[in-house]
Amino acid sequence: MRRWRLVLGGGDADGTGCALQGADAQMDAALAAVYDHDGREGQSRREGGLGASAPRVARWLGDIRTYFPSTVVQIMQKDAIERLNLTRLLLEPEMLEAVEPDVHLVGTLLALNRVMPAQARESARAVVRKVVEELERRLADRTRAAVTGALDRSARTHRPRRVADIDWDRTIRANLKNYLPDRNTVVPSRLVGYARRQRSVQREVVLCIDQSGSMAASVVYSSVFGAVLASMRSLKTSLVVFDTAVVDLTEQLHDPVELLFGTQLGGGTDINRAIAYCQGLVTRPADSVFVLVSDLYEGGVREEMLRRVAAMTQAGVQVIVLLALSDEGAPFYDHDNAAALAAMGVPAFACTPDAFPDLMAAAIERRDIARWAERHVGT
């Protein structure tokens, strides 16, 4: 009954008849400050909300960290910012030092970047750096391992130069028909091995990121992945962000924090213009992977956008369209444009950050991306 009382929020209609005391009452007050809000600025039905009071917000941030795990704290912070319009409080350094950093908070800070006072901007950079470093710890090793493995597998040879270059598992499988029962052995008529690792660039990767407001989390994850891919010598990685303008941030890939502060969330969308720019970055179409991260709501010339995608695929570029690169669940997107791309053999789907390394491996090996998406994420 205590748990039901906390869920239902109290009042005459909750039907529990359960009174809360001590820590339970304080937990209920922290929840009520956000979720009992009645729509009037600074007001709620029972607890008065958070209003625009920085001290009250600071106390609330401390309370929720006391009573809830960090994953729940991040959700409550996000809801408070959206439901109670607390974004202007994030311009104060003391607030930034009190919040629990997460991807959604980074998106909010990037949207406020142009209006932040200098002192708050330094605190914001510290918050963004903390989130980026955590994402790199979580995702970098898996991404490098998946991409390196894919590059090795895509460079197989039937004439390995050294015994150490022989892939024994694949060699045995390829020669099972030559098994001699009386000798209990396989006679290899052909070898399968790894080509010598190439020092030159083997693949070109172009990440084209929609920086409209709804894509905030995708921008953060894309920037981190772009920095990881750029650290691999076998890849030539470019990163381009766009709204109605196009900005090439490739030179900032060495520092994803600086890269993120080079974005400007919000504004319109001209996908056609962005793709046109990215076409000029592709020098080896057959060895290139183009990843468009966008909800596909086109403010430019739709027909020209589709023609450009068709031209890239016909030239041999592996084109991937991600409706979102985040953990936020099913995204909102333009279904007509997604269907038009699918008809050209370019499926559009959402991808989680954990699945992205395997997706890049599949693209480098030039596997069927539509089939990969059906098995791993659904379309």
Side-chain angles (χ1 to χ4, degrees), residues 70-71 74 101-104 106-107 128-156 167 169-170 194 197-198 201-209 215-239 249-250 252-257 259-260 287-293 318-329 331 347 349-379:
S70 61
T71 52
Q74 292 169 5
D102 74 323
V103 169
H104 302 293
V106 169
V128 173
R129 188 168 298 280
K130 183 175 181 180
V131 173
V132 166
E133 289 174 352
E134 177 59 34
L135 291 177
E136 287 181 322
R137 281 193 295 269
R138 169 186 157 194
L139 301 169
D141 288 344
R142 287 188 52 231
T143 302
R144 292 191 185 97
V147 171
T148 300
L151 290 169
D152 287 342
R153 289 189 293 273
S154 66
R156 295 199 178 278
D167 184 336
D169 180 68
R170 289 181 178 268
Y194 304 109
R197 187 179 297 276
Q198 301 179 36
V201 171
Q202 298 181 50
R203 293 288 189 277
E204 295 181 355
V205 177
V206 179
L207 301 176
C208 185
I209 315 301
M215 303 296 293
S218 297
V219 171
V220 176
Y221 282 114
S222 298
S223 298
V224 172
F225 279 119
V228 174
L229 295 174
S231 69
M232 305 181 65
R233 295 182 178 179
S234 298
L235 301 178
K236 177 187 175 184
T237 304
S238 303
L239 188 141
L249 296 177
T250 302
Q252 298 180 20
L253 279 171
H254 66 282
D255 187 342
V257 176
L259 189 155
L260 284 168
D287 295 323
S288 296
V289 179
F290 173 67
V291 183
L292 172 65
V293 183
Q318 179 77 289
V319 178
I320 300 171
V321 176
L322 300 182
L323 303 171
L325 178 55
S326 72
D327 290 311
E328 295 182 325
F349 54 93
C351 180
T352 66
D354 287 332
F356 186 77
D358 293 333
L359 171 60
M360 287 304 302
I364 286 171
E365 294 182 62
R366 303 196 72 83
R367 285 186 261 152
D368 187 327
I369 298 301
R371 185 171 299 176
W372 181 94
E374 290 174 358
R375 288 200 306 266
H376 293 83
V377 299
T379 55

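- Residues P353 and R138 meet the side-chain proximity criterion, which asks for heavy atoms closer than 4.5 Å.
- The minimum heavy-atom distance linking A361 with A146 is given by the pair CB-O, 3.6 Å.
- Within the 4.5 Å cutoff, side-chain heavy atoms of V224 are placed close to those of E136.
- Atom OG of S223 sits about 8.0 Å away from atom CG of L253, to the nearest 0.5 Å.
- In this structure R142 satisfies the salt bridge (Lys or Arg N to Asp or Glu O under 4.0 Å) test together with D354, sequence neighbours excluded.
- Looking at heavy atoms from C-beta onward, L207 lies out of side-chain contact with V293 at the 4.5 angstrom threshold.
- Scanning both residues, S288 and R366, for their nearest heavy atoms gives O-NH1, 4.2 Å.
- Checked against side chain to side chain donor-acceptor pair (under 3.5 Å), T237 has no partners two or more places apart in sequence or in another chain.
- Looking only at side-chain heavy atoms (C-beta outward), L239 and L229 stay at 4.5 Å or farther from each other.
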Distance-only donor-acceptor hits, side chain of residues 321-328, under 3.5 Å, sequence neighbours excluded:
unit_1	atom_1	unit_2	atom_2	d
S326	OG	E328	N	3.3
D327	OD2	Y221	OH	3.3
E328	OE2	H104	ND1	3.1

Inset, instruction - Could you go through the side chain to side chain contact (heavy atoms under 4.5 Å, CB included) check for D255 and R129 one step at a time? - result: CA-CA 10 Å; D255 187 342; R129 188 168 298 280; 3.8 Å; yes

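- Take T143 and apply the side chain to side chain donor-acceptor pair (under 3.5 Å) test, not counting sequence neighbours, and it matches no residue.
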Inset, instruction - Take V319 and L292 through the test side chain to side chain contact (heavy atoms under 4.5 Å, CB included) and record every step on the way to the result. - result: CA-CA 8 Å; V319 178; L292 172 65; 5.9 Å; no

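- Distance CD/Q318 to CE/M360: 9.5 Å, rounded to 0.5 Å.
- A heavy-atom distance below 4.5 Å is found between the side chains of L135 and V131.
- Between E374 and R371, none of the side-chain N atoms (NZ, or NE/NH1/NH2) sits under 4.0 Å from a carboxylate O, so this pair counts as no salt bridge.
- Listed by chain and number, the residues in a side chain to side chain donor-acceptor pair (under 3.5 Å) with D358 amount to none (sequence neighbours excluded).
- Every residue meeting the side chain to side chain donor-acceptor pair (under 3.5 Å) condition with S231, not counting sequence neighbours, appears here in chain and number order: R144.
- No side-chain heavy atom of R203 sits less than 4.5 Å from a side-chain heavy atom of V147.
- Note that OG of S234 and CD1 of I364 are 9.0 Å apart. Values are rounded to the nearest 0.5 Å.
- Annotation: the span from E134 atom CD to D102 atom CG amounts to 11.5 Å, rounded to 0.5 Å.
- Between P101 and K130, the shortest heavy-atom contact is CG-CD, 3.7 Å.
- Partners of F225 under the ring pair (Phe, Tyr, Trp, His ring centres under 6.0 Å) rule, at least two apart in sequence or in another chain, are F356.
- The side-chain contact (heavy atoms from CB on, under 4.5 Å) search around A145 returns none, not counting sequence neighbours.
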Inset, instruction - Mind running side chain to side chain contact (heavy atoms under 4.5 Å, CB included) on V132 and L260 for me, showing each step along the way? - result: CA-CA 10 Å; V132 166; L260 284 168; 3.7 Å; yes

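- Listed by chain and residue number, nothing satisfies the salt bridge (Lys or Arg N to Asp or Glu O under 4.0 Å) test with E133 (two or more places apart in sequence, or in another chain).
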